[in-house]
Amino acid sequence: MRLTELFTKTSKTVPADETSKNAQLLIRAGYVHKEMAGVYAYLPLGLKVLENIKQIVREEMNTVGGQEIIMTSLQRKELWERTDRWDDKKVDVWFKSELQNGTPVGFGWSHEEPITDMMKNYISSYRDLPVRVYQFQTKLRNELRAKSGIMRGREFVMKDLYSYSRTEEEHQKIYDAVTEAYLKVFERVGLGDVTYVTFASGGAFTQFSHEFQTVTDAGEDIIYVSKEKNLAVNDEVYTDEVLRQLGLEKDKLEKVKAAEVGNIFSFGGAKSEQLGLYFADEDGTEKPVVLGSYGIGITRLMGVIAEHFSDEKGLVWPESVAPAKVYLIRLGDDNHVVKAADDLYSQLTSAGVEVLYDDRDDVRAGAKFADADLMGIPYRVVISNKTIADQTYELKARNKDTAQLVGEQELHRKLGLTKR
RNA sequence: CGGGGAGUGGCGCAGUUUGGUAGCGCACCGCGUUUGGGACGCGGGGGUCGCAGGUUCAAAUCCUGUCUCCCCGACCA
């Protein structure tokens, strides 16, 4: 992408009413636009990051046998009444409206009910199981108070996977597999070191659910981390009894703030019974399908990544999610500089390397460097009269302090260009 | 939902106390100089001062109502 064609621009100031670091940086760098409190639009660069995160999640979900679908935002009242979750007193984040004929509808804040109800059409025998389906959906939640930038919005993108199993044992296998897949996701987006499987309150069916908590000051949760065992306990279930059960020693735990980037839990057969999802087992008996639910807040994850990977100059995206791998700067508008930069741009692009090409003529070097830093693109390549005279390229990693002059071979190697 | 704060060109702000020609910085447009860490000079465009009503010769400024946003707290299957 050439910067002269990108409609967004960077800004030195942020809206005064935006206090969270992730939103400040993302707005300044032109990744997102704030439409209203807790509601953000994703601009070209922001969308790119979002899609990169989604693709990583998608790959991991496919690996554990997930099939991707997309449900609807409009939901039926009747469905939620069956699980007693339509009432505003039971679920206080509902957005509701009605059809022209007066039929009430809800805007999906979760999709457990509709998906499970839908699966009744497709699951009737043990031969149909297990099934895992997932989607990326915009959830709408009428939060009392939105905060923390894109980390807690009224409208946000979530990946939710649902598993349908014959037995508890089968369910447990899937549950464990998804747990591993989640850890892989957080590893791949660069948060592996600071993300912990966390024991949290489980609800009706199981004692615990498992959250994936990323340590960050921007988080809203308090967790107690055991580095030794590589797990954590949410403050909400932090009791002596629980610690004993989990074999944790109180004085070896570290209390930290964290953001919940994922949550998985088991429903057993309870919800299936409420919604009438049964299957005929091998012996012909009818049994409720064992249900599991697994979520990753995609936009929240993006916010957490932005918070975690940033410095005083701006964002510092991990390569796996960055909107581009290289920020290419050309200094000056001498013909041979322009040509050299154009050439490298098309060379990298055709090799499949995403490049943000700062081809602006009317912007001085300092501003280009500042923008490269703010946008947080992993590698910066500078082409100038100097580098051309030396037959080198100036290469600097966003997370390193110094640049180096490298030859063409070296550049290609560092940027991971595929040899042909 | 309780407490606190704020709404003035796209963004950041001053002006409100004491009513009297709407201003500054960034961004934008033009010209010139500049050109490796957010350049400078000159000229220019853009604002129903959140909205509605009221007081007044006159309202960004005073009064009443209302909407929105932010912060802290509560809430977050």
Side-chain angles (χ1 to χ4, degrees), chain A residues 7-20 23-24 27-30 33-39 80 83-94 108-113 139 141-149 151-154 156 158 160 200-206 209 211 219-222 234-236 259-260 263-267 270-271 274 291 293-295 297 300 312-314 327 329-334 337 358 360-375 380-390 394 396 401-403 405:
Chain A
F7 76 82
T8 58
K9 54 177 84 172
T10 57
S11 160
K12 276 184 257 188
T13 57
V14 282
D17 56 12
E18 193 65 76
T19 55
S20 76
Q24 286 190 349
I27 289 171
R28 280 188 55 206
H33 165 76
K34 185 182 190 177
E35 184 63 25
M36 60 170 116
V39 181
W80 289 90
T83 52
D84 195 25
R85 296 213 286 176
W86 175 258
D87 195 323
D88 290 338
K89 291 189 193 70
K90 295 280 167 50
V91 173
D92 63 0
V93 295
W94 271 117
W109 59 276
S110 169
H111 287 78
E112 283 153 19
E113 270 76 351
K139 308 288 184 191
R141 294 188 185 180
N142 200 351
E143 298 278 0
L144 234 39
R145 185 184 155 205
K147 58 174 172 180
S148 307
M151 288 174 60
R152 172 141 174 226
R154 297 198 165 92
F156 59 94
M158 185 166 179
D160 39 334
S201 60
F205 186 73
T206 50
S209 69
E211 294 174 341
E220 299 182 50
D221 292 342
I222 302 289
N234 193 305
D235 188 50
E236 66 192 15
E260 181 190 335
N263 188 196
I264 63 179
F265 47 104
S266 305
F267 281 113
K271 192 172 289 287
Q274 285 176 310
L291 176 62
S293 174
Y294 318 80
R300 172 180 288 182
E312 66 290 340
K313 288 178 177 171
Y327 192 100
I329 293 179
R330 74 168 190 233
L331 295 183
D333 54 3
D334 291 347
V337 171
D358 197 338
R360 295 174 295 179
D361 289 328
D362 53 347
V363 175
R364 292 158 61 103
K368 292 189 176 187
F369 292 143
D371 280 346
D373 289 341
L374 176 59
M375 291 187 196
R380 187 185 82 192
V381 175
V382 178
I383 290 183
S384 67
N385 282 320
K386 212 191 308 182
T387 64
I388 290 175
D390 291 354
E394 179 186 306
K396 180 183 172 300
D401 287 332
T402 53
L405 295 172

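In what follows, every chain begins at residue 1, and chains take the letters A, B, ... in the order their sequences are listed. The structure displayed is predicted, hence computed values, not measured ones.
Taking atom CG on A:Asp160 and atom C1' on B:A77, their separation rounds to 13 Å, with Å as the unit. The distance from atom CG of A:Leu374 to atom P of B:G37 is 18 Å, rounded to the nearest whole Å. For A:Leu144 and B:C72, the CG to C1' distance is 14 Å, given to the nearest whole Å. Distance A:Tyr294 OH to B:A77 P: 19 Å, rounded to the nearest Å. As rounded to whole Å, 15 Å separates atom C1' of B:C28 from atom CZ of A:Arg360. Remark: C1' of B:C75 and CG of A:Asp88 are 14 Å apart, rounded to the nearest angstrom. Note: CZ (A:Phe156) to P (B:C76) measures 15 Å, nearest angstrom. Atom-to-atom, CD of A:Glu18 to P of B:G12 comes out at 11 Å; the value is rounded to the nearest Å.
Closest approach to the A:Lys12 side chain among B:G38, B:C70, B:G36 is made by B:G38 (side chain taken as heavy atoms from C-beta onward). When distances are taken from the side chain of A:Thr387 to each of B:A27, B:G36, B:G38, the shortest belongs to B:G36. Checked against B:G38, B:C71, B:A77, the side chain of A:Arg85 finds its nearest nucleotide in B:A77. Distance from the side chain of A:Phe369 is smallest to B:G37 among B:G38, B:G37, B:U35. For A:Pro15, whose side chain is taken as the heavy atoms from C-beta onward, the closest listed nucleotide among B:C70, B:C11, B:G37 is B:C11. In the set B:C75, B:C69, B:G36, B:C75 carries the atom at the smallest distance from any side-chain atom of A:Asp92. Comparing B:C75, B:C28, B:G36 by their nearest atom to the side chain of A:Ser384 picks out B:G36. Of all nucleotides listed (B:G37, B:A27, B:G38), B:G37 comes nearest to the side chain of A:Lys313. Of the candidates B:C76, B:A77, B:C69, the closest approach to any side-chain atom of A:Glu220 belongs to B:C76. Listed candidates were B:G37, B:C69, B:A77. Nearest to the side chain of A:Glu112 is B:A77.
Nearest heavy-atom pair, A:Val337 versus A:Gly332, reported as atom, atom and distance to 0.1 Å: CG1-O, 4.0 Å. In terms of heavy atoms, A:Ser110 sits closest to A:Trp80 at O-CZ2, 3.5 Å. Closest non-hydrogen pair, A:Val14 versus A:Arg28, comes out as CG1-CG, 3.1 Å. Among all heavy-atom pairs drawn from A:Leu331 and A:Ser384, the shortest one is CB-CB, 4.0 Å.
For B:C62 and B:G15, the P atoms lie 13 Å apart once the distance is rounded to whole Å. When the P atom is used for both B:G53 and B:G12, the distance is 28 Å, rounded to whole Å. Using atom P as the reference point in both B:A59 and B:A52, the two lie 14 Å apart (nearest Å). Taking atom P in both B:A74 and B:C51, the straight-line distance is 36 Å, to the nearest Å. Annotation: B:C63 and B:U56 have their C1' atoms spaced 12 Å apart (nearest Å). Rounded to the nearest Å, the gap between the C1' atom of B:C49 and that of B:U61 is 10 Å. When the P atom is used for both B:U17 and B:U64, the distance is 15 Å, rounded to whole Å. One C1' atom belongs to B:G5, the other to B:G43, and the distance between them is 40 Å to the nearest Å.
The partner of B:C42 is B:G30, judged by Watson-Crick or G-U wobble contacts that both fall below 3.5 Å. Base pairing analysis places B:C1 opposite B:G73; the two distances defining the Watson-Crick or G-U wobble pair are each below 3.5 Å. B:U66 is paired with B:G50 under the Watson-Crick or G-U wobble criterion, all donor-acceptor distances under 3.5 Å. When Watson-Crick and G-U wobble pairs are counted only if both distances are under 3.5 Å, B:U16 pairs with no nucleotide at all. Nucleotide B:G37: unpaired (no Watson-Crick or G-U wobble partner with both distances less than 3.5 Å). Nucleotide B:U55: unpaired (no Watson-Crick or G-U wobble partner with both distances less than 3.5 Å). In this structure, B:U21 makes no Watson-Crick or G-U wobble pair, since no nucleotide meets both defining distances under 3.5 angstrom. In this entry B:A60 has no Watson-Crick or G-U wobble partner, no candidate having both defining distances under 3.5 Å.
Taking only side-chain nitrogens and oxygens, A:Lys34 comes nearer than 4.0 Å to OP1 or OP2 of B:C70. The phosphate of B:C72 has OP1 or OP2 within less than 4.0 Å of a side-chain N or O from A:Arg145. A:Ser110 has no side-chain polar atom (N or O) that falls below the 4.0 Å cut-off from OP1 or OP2 of B:A77.
Each of A:Lys386 and A:Trp109 has a nearest nucleotide on RNA chain B; the 5'-most of these lies closest to A:Lys386. Toward the 5' end of RNA chain B, the nearer of the two residues A:Arg364 and A:Glu236, judged by each one's closest nucleotide, is A:Arg364.
Counting any heavy atom pair closer than 4.0 Å across all strands shown, A:Arg154 reaches no nucleic acid atom. Residue A:Val382 is classed as a base contact, given a heavy-atom separation below 4.0 Å to a base. No contact: A:Ser293 has no heavy atom under 4.0 Å from any strand. Among the protein residues, A:Ala365 comes within range of the sugar-phosphate backbone only, with heavy atoms under 4.0 Å from sugar or phosphate atoms but none that close to a base. As judged by a 4.0 angstrom heavy-atom cut-off over every strand, A:Arg380 is placed among the base-contacting residues. Here A:Lys9 lies in heavy-atom contact (under 4.0 Å) with sugar-phosphate atoms only.
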Should A:Asp361 and A:Arg330 be marked as a salt bridge (charged side-chain N to carboxylate O under 4.0 Å, His left out) after you check the CA-CA gap, both sets of side-chain angles, and the distance that decides it?
CA-CA 9 Å; A:Asp361 289 328; A:Arg330 74 168 190 233; 2.8 Å; yes
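A salt bridge is defined here as a Lys NZ or Arg NE, NH1 or NH2 lying under 4.0 Å from an Asp or Glu carboxylate O, and A:Asp362 with A:Arg360 fails to meet this definition.
A:Arg85 is listed as a side-chain neighbour of A:Glu112, based on a closest heavy-atom distance under 4.5 Å.
Of the inter-residue distances, the one linking A:Arg380 atom CZ with A:Asp373 atom CG reads 6.0 Å to the nearest 0.5 angstrom.
In this model, a side-chain donor or acceptor of A:Asp371 finds a partner on the base of B:G38 within 3.5 Å.
Classification of the A:Trp86-A:Trp94 ring pair by plane angle, with boundaries at 30° and 60°, yields tilted.
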